[in-house]
Amino acid sequence: MNYWLLKSEPEVYGIVDLKRDRTTIWDGVRNYQARNFLRSMLPGDLAFFYHSNTIPPGIAGLMKIVESNLADPTQFDPSSDYYDPKSPPDAPRWQTVRVEFVEEWAEIVSLDQLRDHFPPDDLVIVRRGNRLSVTPVDPSAAEKILDLATLKLRPSTVMPALPDLGSNPQDLR
DNA sequence: GCCAACGTTGGC
DNA sequence: GCCAACGTTGGC
């Protein structure tokens, strides 16, 4: 089982939309490196749903790959933004996967937070200049991200008890 | 809106 | 195959 990270702009299609739809085809990827990662996905793999071009950018939840090696239907649709007239119908150029909603996190695990926990070598998304919309996440990094999400889901279990500083805010100085 | 960091295109 | 020009992505 492998872990991945898939980017989308929530204004276009976000975790809320996937939650509503339960499942969707991850269409529109038109970058060969990203496509090659899509081609290597297998049913059962897990993918982090990353929200880009929003404040704050970060991971919003988790999804599962349920079908792989699908021809992206938008490449043959002349009315689609992703129409590719050069893609031969008998040898489609663009493959993708069907994903299924797993969970929406109570809070985004932000890009800032990811930078705090991972050096650039350990997580592609925090690398400077990274634009790939589909990237692999190695298992140890994935486990750590899931831990961060779990902390966010259950803050009461990890928040240390605060010392009683009194009710007057001026006492805090 | 800016702009760095790409990826793609096409003339040569 | 080179590379300048152009287009896109996405954080800030």
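Just so we're on the same page: letters track the sequence lines, and every chain starts at 1.
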In whole angstroms, how far is the [atom2] atom of [N] from the [atom1] atom of [X]?
{"X": "A:Tyr32", "N": "B:dT8", "atom1": "OH", "atom2": "P", "value": "7 Å"}
{"X": "A:Glu9", "N": "C:dC12", "atom1": "CD", "atom2": "P", "value": "15 Å"}
{"X": "A:Arg35", "N": "B:dT8", "atom1": "CZ", "atom2": "C1'", "value": "15 Å"}
{"X": "A:Gln33", "N": "C:dT8", "atom1": "CD", "atom2": "C1'", "value": "16 Å"}
{"X": "A:Asp84", "N": "B:dG7", "atom1": "CG", "atom2": "C1'", "value": "15 Å"}
{"X": "A:Asn130", "N": "B:dA4", "atom1": "CG", "atom2": "P", "value": "18 Å"}
{"X": "A:Arg127", "N": "C:dT9", "atom1": "CZ", "atom2": "P", "value": "21 Å"}
{"X": "A:Asn31", "N": "C:dG7", "atom1": "CG", "atom2": "C1'", "value": "13 Å"}

Check whether any side-chain nitrogen or oxygen of A:Lys7 sits under 4.0 Å from OP1 or OP2 of C:dT9, and answer yes or no.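 The answer is no; no side-chain N or O of A:Lys7 sits under 4.0 Å from OP1 or OP2.
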When you check the phosphate oxygens OP1 and OP2 of C:dT9, does a side-chain N or O of A:Arg30 lie under 4.0 Å from one of them?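 No, outside the criterion.
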Of the listed nucleotides (B:dC6, C:dG11, C:dG10), which one gets closest to any side-chain atom of A:Arg131?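 Nearest to the side-chain atoms of A:Arg131, counting from C-beta on, is B:dC6.
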Can you figure out which of C:dG11, B:dG7, C:dG10 approaches the side chain of A:Ser133 most closely?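 Looking only at side-chain atoms, A:Ser133 lies closest to C:dG10.
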Identified side-chain contact (heavy atoms from CB on, under 4.5 Å) partner of A:Arg20 from the options A:Asp17, A:Thr24, A:Leu18, A:Val16: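 Testing each of A:Asp17, A:Thr24, A:Leu18, A:Val16 against A:Arg20, the sole residue satisfying side-chain contact (heavy atoms from CB on, under 4.5 Å) is A:Asp17.
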Where A:Glu104 and A:Phe101 come nearest, the two heavy atoms and their spacing: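 Nearest heavy atoms, A:Glu104 then A:Phe101: N-CZ, 3.3 Å.
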Could you report the tightest heavy-atom contact between A:Ala141 and A:Leu123, atom names first, then the distance?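 Looking at all heavy atoms of both residues, the closest pair is CB-CD1, 4.5 Å.
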Reading DNA chain B from 5' onward, which residue's closest nucleotide shows up sooner: A:Asn53 or A:Leu132?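 Closer to the 5' end of DNA chain B: A:Asn53.
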Which residue, A:Gly129 or A:Lys86, contacts DNA chain B at a nucleotide closer to its 5' end, judged by nearest heavy atom?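 Going by which nucleotide is closer to the 5' end, it is A:Gly129.
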Look at A:Arg30 together with A:Asp84 and state whether they make a salt bridge at an N to O cut-off of under 4.0 Å.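 Looking at A:Arg30 and A:Asp84, the cut-off is not met.
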Quiz: residues 48-59 of chain A side-chain donor-acceptor pairs under 3.5 angstrom, not counting sequence neighbours:
{"from": "A:His51", "atom 1": "NE2", "to": "A:Ile15", "atom 2": "N", "distance (Å)": "3.1"}
{"from": "A:Asn53", "atom 1": "ND2", "to": "A:Glu9", "atom 2": "OE2", "distance (Å)": "3.2"}

For a quick check of understanding: with a heavy-atom distance under 4.0 Å over all strands, which category does A:Leu111 fall into, base, sugar-phosphate or nothing?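 Sugar-phosphate, no base atom in range.
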